[in-house]
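To keep things clear, I will list the structure first and then write my remarks on it.
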Amino acid sequence: MSETPTGLDFIRQRITRDTEAGTPVITRFPPEPNGCLHIGHAKSICLNFGVAQEFGGDCYLRFDDTNPAKEDVQFVEAIQADVKWLGFDWGDRLTHASDYFEQLYQFAEQLITSGKAFVCSLSADEMRENRGTLTIPGTNSPCRNQSVEQNLELFRAMRAGEFADGTYVLRAKIDMASPNINMRDPVLYRIRHISHQRTGNTWCIYPTYDYTHCVCDALEQISHSLCTLEFEDHRPLYDWVLDNINLNVHPPQIEFSRLGLEYTVMSKRLLNKLVDERLVTGWDDPRMPTIAGLRRRGVRACAIRDFCDRIGVTKQDNTIEMSLFDFCVRKDLEADAHRAMCVLDPLKVILTNWEGEDTDALTAPWHPRQEYGTRVMPFGKELYIERSDFEEVRPPKYKRLSPGEMVRLRMAFIIRCDEVIKDANGEITELHCTYFPESRSGQDKSGLKPKGVVHWVSAGQGIDCEVRLYENLFLERRPDTSDLAAALNPDSFHNKNAIIEPAAVQGQMLHFQFERQGYFVKDSEDFSESRPVFNRTVSLRELRPA
RNA sequence: UGGGGUGUCGCCAAGUGGUAAGGCACCGGGUUUUGAUCUCGGCAUUCGCAGGUUCGAGUCCUGCCACCCCAGCCA
């Protein structure tokens, strides 16, 4: 009767089957607030919140705040902002593992009482020695057979703060000979005399992830506990805990592979290191794969969501090519970014036959297909074009300007280069050109056939601005991160003193396509009308001249 | 070399015993006042390898091989 649906990823297929009886879907996205979210988290967010939406269920945002030594309120706020920005809504389902500390503690006493957990006085080093290796079984702790009474007494003393950090832990009593190392009497609680960002000094013992996560899932009646592959080995422990406490809920843990992306890293440890060692300017450095970094670079949430849809969900290790990400970013922006002209590397052009002052008569649509209205572009005798749009010696199939040739100034007039002016060093300083008044854009009666189209900005009325160009953060597709600094791309950032048409700095629009160059965004921190700063989100796709 | 996973086009990924979807990338044609966009077409006789079962295997069985994860009082 239950036909397995096809075309869906394996998780959605399973959920489809599981919900045929009408059971509600409840998922959760459980970040630890010890760093900012990255594009890999976006995959998980899109999966968990997406599945909840699709199946008419709910998704919790649950902070996994069990280790106060590493966590910080700064991150819990940033994470909420990022999830919201990505377009997801947890409603009133914002929770924290720490909300359940008391229940967790009571279940722990239950485990002790039923002889399933014991307090251990081995040091961390001793415990490591006793754990054995991948091929050698571990040996039992001398504390393993303490009485229930003694364990309970010690555990209560742990909670009461009678012991120093590291002196005791609570351990599950499972099997020191298990081939799965996670089952060799894993630690459930440790002593940490550290103030917790939510519970303050209420606790000096904190539960571990393995013990906490499954219990929280059960308490929130999570129907499908989705996590990444490295937790597959932990599933027996997840199940063991739920099988051994008095809680009649047992969510299934289902694992999928993490996202790998070329030319970047996706581990919070490494991203943290980049920030700490100031190898980037911060979590929101536009080169970072963080949500904050991508946002600042000008990537929009819908592009990230589209990307997450396209990469799929499987158990296969994967490294997605950056070209797919770029494709999603361009596709989104192409559809409605306002067009503007900006010259990054100016070369002066003088229209020798231009009469009179600058004129404001030229107008151009903000977008070729959308009804976004028009803007006024000052035009006049002196202009700038891109240095790379002129070559003295024309390469084959060159579609730009060269001596004696014509080119159209986009949305304006056709010009012909008559003379190349150089300085004493032979550097080209300006071009003397003739413009053709009858070739005005939109009412061209000249009949001329220029070689190509080039963008330009009025020299007199163009506005100076800073344009920040970003490249891949790392040199290699799969960076060797053993030496982080050495793996970085030394050319991942350049800034340019550019000249831009005035209309682009004046309005409220944020995202632009600088024609023939790429997509750019006003920098959220540094942009002002008096000192415009733009970040390049992604360049335009550029096919080789053939 | 213990345990847990994964192997379908350069990168992702459908496929659930009936004769290899799709996307990105790439290559070629068309449109184009952005070498962009758009559009049309091409792109796996083969599914890690070797055997076997079957009328029929990417899908089932056996045996290899490769890669990833695990020995935190991190998550």
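Residue numbering restarts at 1 for every chain, and letters A, B, ... go by the order of the sequence lines.
- The side-chain heavy atoms of A:Ser225 and A:Arg28, taken from C-beta on, include a pair separated by under 4.5 Å.
- Nucleic acid contact for A:Phe231: base, since at least one base atom lies under 4.0 Å from a heavy atom of the residue.
- Nucleotides B:G23 and B:U39 are separated by 11 Å at their P atoms, to the nearest Å.
- Under 3.5 Å, the side chain of A:Arg400 and the base of B:G35 form at least one donor-acceptor pair of N or O atoms.
- Straight-line distance between the P atoms of B:A20 and B:G63: roughly 30 Å, to the nearest whole Å.
- In textbook terms, a nucleotide whose glycosidic angle is within 90° of 0 is syn, while B:G18, being further out, is anti.
- Side-chain N/O atoms of A:Thr135 and base N/O atoms of B:U1 include no donor-acceptor pair closer than 3.5 Å.
- B:C60 and B:G18 have their P atoms separated by 12 Å, with the value rounded to a whole Å.
- The nucleotide whose nearest atom lies closest to any side-chain atom of A:Leu134 is, among B:C73, B:G23, B:G2, B:G2.
- Taking atom P on both B:G72 and B:G15, the two are 39 Å apart, rounded to the nearest angstrom.
- Comparing B:A25, B:G3, B:C68 by their closest approach to the side chain of A:Pro179 singles out B:G3.
- The gap from the P atom of B:A66 to that of B:A44 amounts to 30 Å, rounded to the nearest Å.
- Rounded to whole Å, the separation between the C1' atoms of B:C47 and B:G17 comes to 15 Å.
- Taking atom CD1 of residue A:Ile311 and atom P of nucleotide B:C11, one finds them 16 Å apart after rounding to whole Å.
- Pair check for B:G41 finds B:C27; Watson-Crick or G-U wobble, both atom distances under 3.5 Å.
- Between the side chain of A:Gln13 and the base of B:U16, a donor-acceptor pair under 3.5 Å is found.
- The side chain of A:Gln316 lies closest to B:G7 when the candidates are B:A75, B:G4, B:G7.
- Comparing B:G28 with B:U16, their C1' atoms sit 38 Å apart, to the nearest whole Å.
- Nucleotide B:A66: paired with B:U6 (Watson-Crick or G-U wobble, both distances less than 3.5 Å).
- Rounded to whole angstrom, the span from the CZ atom of A:Phe307 across to the P atom of B:A13 amounts to 11 Å.
- No hydrogens or angles were tested; on distance alone, nothing pairs the side chain of A:Glu255 with the base of B:G5 as donor and acceptor under 3.5 Å.
- For the pair A:Arg369 CZ and B:U31 P, the interatomic distance rounds to 18 Å; values are reported in whole Å.
- If you check distances only, the side chain of A:Arg339 does reach the base of B:U34 with a donor-acceptor pair under 3.5 Å.
- Of all nucleotides present, none satisfies the Watson-Crick or G-U wobble test against B:A14 with each distance under 3.5 Å.
- Judged by distance alone with a 3.5 Å cut-off, no donor-acceptor contact links the side chain of A:Arg516 to the base of B:U34.
- If you check B:C74, B:U16, B:C26 against the side chain of A:Lys70, the one that comes closest is B:C74.
- Listed nucleotides: B:A75, B:U33, B:C73. Nearest to the side chain of A:Arg192: B:C73.
- Atom P of nucleotide B:A36 and atom CG of A:Asp326 are separated by 16 Å, given to the nearest angstrom.
- Here the nucleotide nearest the side chain of A:Arg131, chosen from B:U37, B:A75, B:G72, is B:G72.
- Atom P of nucleotide B:A25 and atom CE of A:Met322 are separated by 14 Å, given to the nearest angstrom.
- Side chain A:Asp233 to base B:G3: a donor-acceptor pair is found below 3.5 Å.
- With C1' as the reference atom, B:G30 and B:C67 are 44 Å apart, rounded to whole Å.
- Closest contact between the side chain of A:Glu321 and the listed nucleotides B:C70, B:C73, B:C24 involves B:C24.
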